[in-house]
Amino acid sequence: MDLDTLKNKKIIVYGAGQIGQIAILALREVLEKFEEQVIGCAVTTINNNPKFLEGIEVHSLEYYKNYDNGVIYLIAAKDMYREQMIRELTVRNITNYQYFDSKEFVELLEKMWMSQNKERYLEFKENANKVLGNEEYILFLSRQLKQRVLNFEVNLVEHCNLNCQSCNHFSPLAEKKFLNCEQIELDLKQINKLLGSNIGKVMLLGGEPLLHPRLHDLLKIFRGLLPEASIDVVTNGLLIPKMNKEFWKLVNNLQIGLSVTKYPINFDYADCEKIAEKNGVHISYGHLSEAIKTTYHLPLKDKAEFNPYDMYMKCSHANECVVLREGMLYTCPLAANVQHYNKYFNKHIPEGKEVSIDIYKVGSWQEIEEFLKRPNKMCAYCDIYHYTYNIPWAISKRDISEWQ
């Protein structure tokens with residue numbers, strides 16, 4: 001990225017993920033007229049994206065279509081998405097773009113991290129270069145530099161109607177259980193007290209969320225208490241053909257996103273799209289509509305075998321997939337759901353209060369933020385070094401080898 005060419009230019013940051021966040025933080029530090037220059041943050045489609053990123057408004061590319069050609073689009077995303085993003089710009093006749101290279105700003109980002117919390121910086125820094133590759137380190141920095149914006153997940157249902165092998169929510173092992181509407185209403189009110197309107201993105205998942213008998217009530221509760229948040233229901237889609245008119249009306253009126261994960265099963269996803277479109281709803285499939293679900297396997301150990309700081313640094317879930325469960329916040333889905341694994345296999349990995357923070361017993365958001373930016377006891381049980389991806393998907397046999 002050529003900083004000289006950005007001087008006094010209007011800029012749109014293209015990308016609302018971790019690299020986009022890093023770009024905004026860096027630009028805020030290096031541009032003297034940041035507030036005047038940075039117009040906003042662009043995404044290909046607003047579905048599944050937050051409304052704000054580090055205080056900057058997020059809109060679709062179409063929203064910015066009337067800005068003149070003098071605006072520079074700063075592509076800020078992982079390399080794997082750049083080609084797709086360039087195509088999106090090209091079809092809109094946008095040729096004035098640059099790449100944000102986060103590696104150029106590592107020293108600046110480290111200074112920001114140290115000024116934010118020197119003690120935490122020193123706790124991690126000693127082993128960071130030994131444990132992390134360059135890209136891993138940048139993504140870790142993005143999770144450490146987050147400030148006063150909370151994205152989180154909520155399991156509406158513990159069990160599932162599909163039951164994938166190696167599920168990191170342990171849904172195949174879970175007993176049948178539904179989220180309590182009264183409890184989540186209290187929890188969201190408490191989150192509001194701590195954070196106000198600084199809730200970014202909320203994912204409603206499970207298990208399979210569409211199984212919940214009071215799903216309509218839950219959608220009203222979440223939107224009523226989180227009016228500014230981006231809210232998405234994440235589903236395997238199998239129940240979409242059975243959803244009633246009230247569901248579609250609520251999704252439309254409450255501006256709830258519907259994100260479907262495609263599985264390699266005998267199921268007509270194209271028909272689901274038609275049903276949704278007929279009801280005025282657009283189904284999102286994340287970054288790539290043709291992506292088919294595969295399995296990833298994270299081995300768990302029976303004893304604490306690893307340096308928790310090392311595992312936390314390498315973990316892509318840590319402080320990225322935060323979970324709210326019954327008044328507690330967890331740094332990752334495994335910590336939030338490991339009680340199912342413990343009960344089914346009679347194991348004793350730390351769970352519940354040992355690996356979470358109680359939102360009713362903290363005095364400020366800063367206490368929660370500091371908790372989420374450090375490892376918990378479970379991190380020492382996760383063998384991140386042998387985390388494997390792109391394993392062919394299969395139904396769970398509920399065998400312990402799927403999680404060991």
Side-chain angles (χ1 to χ4, degrees), residues 47-48 153-179 202-216 218-219 231-244 247-248 251 256-276 281-300 316-317 321 323 325 332-334 336-345 387-404:
N47 294 315
N48 294 326
E153 305 174 356
V154 179
N155 286 5
L156 302 192
V157 177
E158 299 300 319
H159 54 291
C160 189
N161 56 355
L162 194 51
N163 292 314
C164 307
Q165 67 178 357
S166 303
C167 173
N168 68 6
H169 286 212
F170 307 100
S171 294
L173 311 177
E175 297 175 357
K176 185 175 180 180
K177 185 179 178 181
F178 302 104
L179 180 70
V202 179
M203 310 291 281
L204 308 181
L205 29 73
E208 171 49 48
L210 299 188
L211 288 169
H212 202 294
R214 294 185 62 186
L215 180 60
H216 298 168
L218 284 169
L219 297 182
I231 303 175
D232 291 300
V233 175
V234 182
T235 171
N236 59 35
L238 301 187
L239 292 175
I240 284 179
K242 298 180 180 180
M243 303 310 289
N244 59 27
F247 169 79
W248 296 110
V251 169
I256 305 287
L258 189 60
S259 179
V260 174
T261 305
K262 287 185 176 180
Y263 290 84
I265 57 177
N266 185 23
F267 182 72
D268 192 345
Y269 287 99
D271 185 54
C272 279
E273 290 182 41
K274 292 176 183 177
I275 293 170
V281 174
H282 172 75
I283 286 179
S284 168
Y285 294 102
H287 293 290
L288 299 171
S289 62
E290 297 306 314
I292 303 295
K293 179 68 173 176
T294 56
T295 295
Y296 45 81
H297 178 227
L298 173 56
L300 298 177
S316 59
H317 292 111
C321 302
V323 179
R325 174 191 283 280
C332 73
L334 283 98
N337 298 293
V338 74
Q339 69 273 9
H340 303 311
Y341 173 87
N342 282 340
K343 184 173 183 179
Y344 196 90
F345 295 116
Y387 201 163
T388 50
Y389 302 84
N390 297 321
I391 302 168
W393 178 88
I395 294 288
S396 175
K397 296 179 181 178
R398 296 180 175 87
D399 188 273
I400 197 168
S401 64
E402 297 174 30
W403 293 277
Q404 283 195 346

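Values below: all heavy atoms of this structure, side chains included; hydrogens, waters and symmetry mates excluded. None of these values were measured; they are calculated from a predicted model.
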Measure the spacing between [atom1] of [X] and [atom2] of [Y] and express it to the nearest 0.5 Å.
| X | Y | atom1 | atom2 | result |
| --- | --- | --- | --- | --- |
| M203 | C321 | CE | SG | 8.5 Å |
| Y344 | R398 | OH | CZ | 6.0 Å |
| I395 | I265 | CD1 | CD1 | 7.5 Å |
| I400 | K397 | CD1 | NZ | 16.0 Å |
| L298 | Y389 | CG | OH | 8.5 Å |
| L215 | T235 | CG | OG1 | 9.5 Å |

Using the rule given for side-chain contact (heavy atoms from CB on, under 4.5 Å), can you reason through L173 versus W403, listing the C-alpha separation, both sets of side-chain angles and the distance that settles it, and then say yes or no? CA-CA 11 Å; L173 311 177; W403 293 277; 3.9 Å; yes
Backbone N or O of [Y] within a donor-acceptor pair of the [X] side chain at under 3.5 Å?
| X | Y | result |
| --- | --- | --- |
| S396 | Q165 | no |
| D268 | A270 | yes |
| H212 | V157 | no |
| H340 | E158 | no |

Taking C-beta and beyond as the side chain, do [X] and [Y] meet within less than 4.5 Å on heavy atoms?
| X | Y | result |
| --- | --- | --- |
| D232 | L258 | no |
| H216 | N244 | yes |
| L179 | L156 | yes |
| M243 | I275 | no |
| T388 | Y296 | no |
| I283 | Y269 | no |
| V281 | F247 | no |
| V233 | L205 | no |

If you compare all heavy atoms of [X] against all heavy atoms of [Y], which two are closest, and at what distance to 0.1 Å?
| X | Y | answer |
| --- | --- | --- |
| C160 | N163 | O-ND2, 3.4 Å |
| V338 | F170 | CA-CE1, 3.7 Å |
| C332 | H317 | CB-CB, 3.8 Å |
| P209 | L204 | CG-O, 3.8 Å |
| C272 | P241 | SG-CD, 4.1 Å |

Quick one: are the ring centres of F345 and Y341 less than 6.0 Å apart?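 That pair passes the under 6.0 Å test.
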Take the angle between the ring planes of W393 and Y263 and call it parallel below 30°, perpendicular above 60°, tilted in between.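 The arrangement is perpendicular - the two ring planes meet at more than 60°.
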Any luck finding a side-chain donor-acceptor pair between [X] and [Y] under 3.5 Å?
| X | Y | result |
| --- | --- | --- |
| H159 | E175 | no |
| Y285 | E273 | yes |
| N161 | N236 | yes |

Could you walk me through whether L334 and L300 pass the side-chain contact (heavy atoms from CB on, under 4.5 Å) check? CA-CA 10 Å; L334 283 98; L300 298 177; 4.1 Å; yes
Test N155 against N337 for side-chain hydrogen bond (donor to acceptor under 3.5 Å, both in side chains), laying out the working first. CA-CA 9 Å; N155 286 5; N337 298 293; 2.9 Å; yes
Carboxylate-amine/guanidinium contact R325 E153, below 4.0 Å: no
Give the intermediate values and the outcome of side-chain contact (heavy atoms from CB on, under 4.5 Å) for residues I240 and V260. CA-CA 10 Å; I240 284 179; V260 174; 3.7 Å; yes
Among S166, P299, P172, C167, find the one that has a side-chain contact (heavy atoms from CB on, under 4.5 Å) with E402.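 Output: one option passes, namely S166.
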